[in-house]
Amino acid sequence: QNILEPLQCEKPTLFGFSTFNFQKICEDALAANAAIQVSTSEQWVKQTLALLSEPAVCARLSEQARIFTQSYTGASHRIATLIAGHVHLD
């Protein structure tokens, strides 16, 4: 599943090792400190429990997610504007 959806909802986001279809966005989210990658179910449980007990960390992840997803917002509008610039309705 694409991690962009929970990030756009500004939710603390964890994802696993398999990022085949979404490798770039996962790498970018990690670089922006907007998500956490785990390798095992045990790591997922540990990270989830830590997040549940640390509201400040959740708030920081939510803020980083908001900042990160701003760069992915508005693509449809930008493409439509580009297309409109090349379409001439007579």
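Counting from 1, the numbers follow the sequence of the chain as shown.
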From [atom1] ([X]) to [atom2] ([Y]), nearest 0.5 Å:
X	Y	atom1	atom2	result
Thr48	Lys46	OG1	NZ	12.0 Å
Trp44	Gln37	CH2	CD	15.5 Å
Asn2	Phe15	CG	CZ	11.0 Å
Thr19	Ile25	OG1	CD1	11.0 Å
Thr69	Glu5	OG1	CD	11.5 Å

Original post:
Is a donor on one side and an acceptor on the other found under 3.5 Å between the side chain of Ser39 and the backbone of Phe17?
Top reply: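 Not confirmed, Ser39 side chain does not pair with Phe17 backbone.
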Give me the atom names and distance for the closest heavy-atom approach of [X] to [Y].
X	Y	value
Ser71	Arg78	O-NH2, 4.2 Å
Asn33	Gln64	O-CB, 3.2 Å
Ala34	Phe68	CB-CB, 3.9 Å

Original post:
Between Leu61 and Thr13, is a side chain to side chain contact (heavy atoms under 4.5 Å, CB included) present by the stated rule, with each step listed?
Top reply: CA-CA 8 Å; Leu61 279 170; Thr13 302; over 6 Å; no
Subject >> Test log, rule side chain to side chain contact (heavy atoms under 4.5 Å, CB included), inputs Ile3 and Phe22 >> reply: CA-CA 8 Å; Ile3 68 165; Phe22 306 103; 5.8 Å; no
Subject >> In one Ile/Leu/Val/Met/Phe/Trp/Tyr side-chain cluster, 4.5 Å: Ile36, Ile67 >> reply: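 The answer is no; the residues belong to distinct hydrophobic clusters.
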Original post:
Linking I/L/V/M/F/W/Y whenever any side-chain heavy atoms sit under 4.5 Å apart, do Leu30 and Val38 land together?
Top reply: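 Looking at the clustering, Val38 is in a separate group from Leu30.
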Original post:
Are a donor atom and an acceptor atom from the side chains of Gln43 and Gln47 found within less than 3.5 Å of each other?
Top reply: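 Judged by distance alone, the side chains do not pair up.
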**OP:** Please test Arg66 against Glu63 for salt bridge (charged side-chain N to carboxylate O under 4.0 Å, His left out), starting from the C-alpha separation and ending with a verdict.
**Re:** CA-CA 5 Å; Arg66 184 189 65 74; Glu63 177 62 10; 2.6 Å; yes
**OP:** Quick one: do Leu51 and Leu14 satisfy side chain to side chain contact (heavy atoms under 4.5 Å, CB included)? Show the steps, please.
**Re:** CA-CA 10 Å; Leu51 289 171; Leu14 287 81; 3.4 Å; yes
